[in-house]
Amino acid sequence: MTEPPLGDPTIPVRGSTEKLVRPFPRTSAVVTTYDARHALADPAAFVRNAWRDLVRSLAISWALHRAGFGSRRRAALFGWLWLIVPPFIAAATCLYFQSRRVLNGGETQLPYALHVFVGVVVWQLLVDALQSPMQQIRGARQVVTRSMLPHEALLLAGLWDVLLSAAIRLPLIVGAALVSGVHPGWSVLLIPAGLAAVIGFGFALGLLIAPLGLLFDDVQRATFLATGLWFILTPVMYSALPSPRFWLNPLTPLLETTRGWLLAPAIAPGFWIVLGASALLLPIAWLAYRMARPHLVETLG
Amino acid sequence: MTRPLIGAAGAEAAPDAILEVRGAWKKFCPNVARARRYAMRNILAELYPTPREPRLRRMERWALQDLSFSVGRGEAIAIAGRNGAGKSTLLKLIAGILKPDAGSIALYGRAAAMLELGTGFDPLLTGRENVEAAVSAFQLGFRERGELIERVLDFAEIGDAFEAPLLSYSAGMRARLAYAIEAHLGADLLLIDEVLAVGDYAFQLKCINHLRGHLHAGGSLVLVSHNVHQVQSICDRAIVLDRGHVVFSGDSVEGMTHLLNMGRAAGGPPERAPPFSPIWIDAIEIDQSGPISVDGPLEILVRCTAREATEAIWCVGICTADNWVCITSMFDKMRRMLPVGESTLRCRVPRLPLAAGSYLLRAAVMDAETHYPLAMYGHEDMGLPFTVDTPSDRFMNLLLAHNHLVQIDAEWG
């Protein structure tokens, strides 16, 4: 028996969209093909199709984000209050523990309460971004298994949700600084970029573990445990120690830099490395998710 | 057995094809834990540029085997088959939701999939908000978008409920709205999976008329349906699947006959005995020699088997040959204790008032107390066919010519 051909030269590659040579008067005719070839059989076509779906998903994701926001607002009594309350509670708790000498936060650049407050805001955004991809796909199980909607639309809708919560929390940081007697410098304008870096880092990581998490529930449980441990290792409630081992935590430079921007435009060591790694990780994680997508859908239903 | 090929191979595409399925294979693993492990391996395998020839691993089965067909512009094709035949899997492959394990699918135009009506609807949002979210996939101007939403509203006929949250909608209203959205997105090819079974008769008729209009305008359709009436009224061709194989491909009427015959041939305990049912019907028989004639007697036997002694009542029904209309049902309301093992129930119609023609017999055994059906025969698939002969009579010919079903005695003043 001869070897089977890996592709039919008479049809375009999987998922590709090309102008049709043959006339089809009804619509702008496009050819889409799905076949068994692996994603990397034609990397250029794979990336081109991924980009096409991403562009197509922008408008859809915005509509989904708006619809989801409206829906959640109707189902909740206190709405945005849930975005605001946790950092206040965390700051108050830490202050109490410190006054009782249960917790030693060490010497902090900012007033301790403000230090904790900003730390919790940043940490929450990281966790939201980390969990967003898995939550979005799990929550839309019916959609991903029964509709032609690009998954990017769901993932981006989740990202817009996290960015919105960052936008709501941002004025709180400035307000808390003023209340604490800290007068922010011009570098406060950089804080949105710092929060975006944290969200980008968290989202890339979340996207990378999403295929595993969607296949195996253990991964989700392990993620909860790992984030708990990570919280302890991150200088949210205490000041960053000068030990190089401590700075191996990739969140530390992002958190310290963002927090520091309330006072001065200083960059913590390792900030650019983490930022660069995140920028590299994000497209890799996205393309890896696209490779996994059809196999995930099979197991989802 | 045909060998699965990774890429597509085969003849040149038909010049007016809108869909081409070439040598499509798809496997599945019914074991959840193993399926996830296999999925993990499949994901890692995507990193290799050269795939291996697909083979079944432990506990895997073929859901589809070597499917090839094409759909032309303005053509409607029905995909029929019993549960588990692979119909929905095929539709998901065409929609690009699943990836074939071998072969290829080429779409020459835009497709819209209606695999389940109302997928993605948010119950807390109004009908209008849900429609706005659904049409966002299309880069329309403000005015075009408004017009599209109005057209959807007109088609769905849900009136003021359009501004109410979806959770206040009935299932039929949701189905109307969901169908209206997909129907107005201007796709070249509609992929519909049993969704026309939802909603009332008026809605189904409206959908059928819409689909006929879509076909007339040059659109195409792939319809998964068991419904003989819908398939025959919409589709030109049919493909009948059985355990992932194509067992029939051709004219839709012949396809439905094939499907109904498959149901009849597959009778007996495995098909008719739900896993927890205490009883099933093995067969219906007609216990008389010679032809069945108009106004003549009819002796019916129903043979059933009980797993456990059951007190039951039973009934026999007579349907038109297309299984679409049940002409009458005769109930034996006397409670009978059916012992473990085989039993035979007997029914005699002393004077059959049917007009000459072909009919189907169906039967059901029900719980004596609750009247809940325990076993059914001829309800979901084909019952026992029989023919009522006619004497050569001018009045009888008139009845035949006008498709009369019954003859009722009358007294004339």
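Letters A, B, ... are given to chains in the order of the sequence lines, protein chains preceding strands, and every chain is numbered from 1. Heavy-atom basis, side chains included; hydrogens, waters and symmetry copies ignored.
Salt bridge status for B:Arg36 with A:Glu298: absent, with no side-chain N to carboxylate O gap under 4.0 Å.
Contacts of B:Ala111 with chain A are made by both backbone and side-chain atoms, with heavy-atom separations under 4.5 Å. At a 4.5 Å heavy-atom cutoff, B:Leu44 makes no contact with chain A through either its backbone or its side chain. Both the backbone and the side chain of B:Asn42 have a heavy atom closer than 4.5 Å to some heavy atom of chain A. Of the atoms belonging to A:Ala140, not a single heavy atom falls under 4.5 Å from chain B. Interface remark: B:Leu91 contributes no atoms to any contact with chain A (heavy atom separation under 4.5 Å).
Contact record, B:Ala133 with A:Ala67: CB-CB, 4.3 Å, taken as the closest heavy-atom pair. Heavy-atom minimum distance, A:Gly70 versus B:Leu125: C-CD2, 4.1 Å. Taking both residues in full, the closest heavy atoms of B:Lys99 and A:Arg37 are given as NZ-O, 3.0 Å, listed atom of the first, atom of the second, then distance. What you find for A:Ala292 and B:Ile43 is that their closest heavy atoms are CB-CD1, 3.6 Å.
Among the candidates A:Leu212, A:Leu64, A:Thr145, the residue making the largest number of heavy-atom pairs closer than 4.5 Å to chain B is A:Thr145. Between chain B and the residues A:Leu296, A:Leu58, A:Leu215, A:Val143, the most heavy-atom pairs under 4.5 angstrom are made by A:Leu215. If you tally non-hydrogen atom pairs under 4.5 Å between each of B:Ala35, B:Ala113, B:Gly96 and chain A, the highest count goes to B:Gly96.
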Pair A:Val297-B:Leu98, side chain to side chain contact (heavy atoms under 4.5 Å, CB included): steps then yes or no:
CA-CA 7 Å; A:Val297 170; B:Leu98 297 179; 4.0 Å; yes

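With a 4.5 Å cut-off on side-chain heavy atoms, A:His295 and B:Glu46 count as touching. A:Thr32 is not listed as a side-chain neighbour of B:Tyr108, based on a closest heavy-atom distance of 4.5 Å or more.
Remark: A:Arg146 CZ to B:Asp193 CG distance equals 9.5 Å, nearest 0.5 Å. Note that CD1 of B:Ile97 and OH of A:Tyr34 are 9.0 Å apart. Values are rounded to the nearest 0.5 Å. Within the model, atoms CD1 of B:Ile105 and CG of A:Asp35 stand 8.5 Å from one another, a figure rounded to the nearest 0.5 Å. Taken to the nearest 0.5 Å, the CD atom of B:Glu182 stands 8.5 Å off from the OG atom of A:Ser147. Between the CZ atom of B:Phe28 and the OG1 atom of A:Thr299 there is a distance of 14.5 Å, given to the nearest 0.5 Å.
Distance alone, capped at 3.5 Å, is enough to place a donor-acceptor pair between the A:His38 side chain and the B:Ala45 backbone.
Heavy-atom neighbours of B:Arg61 CZ from other residues, nucleotides or ligands within 6.0 Å: at or below the threshold of 12. Within a 6.0 Å radius of CZ in A:Arg221, no more than 12 heavy atoms belonging to other residues, nucleotides or ligands are found.
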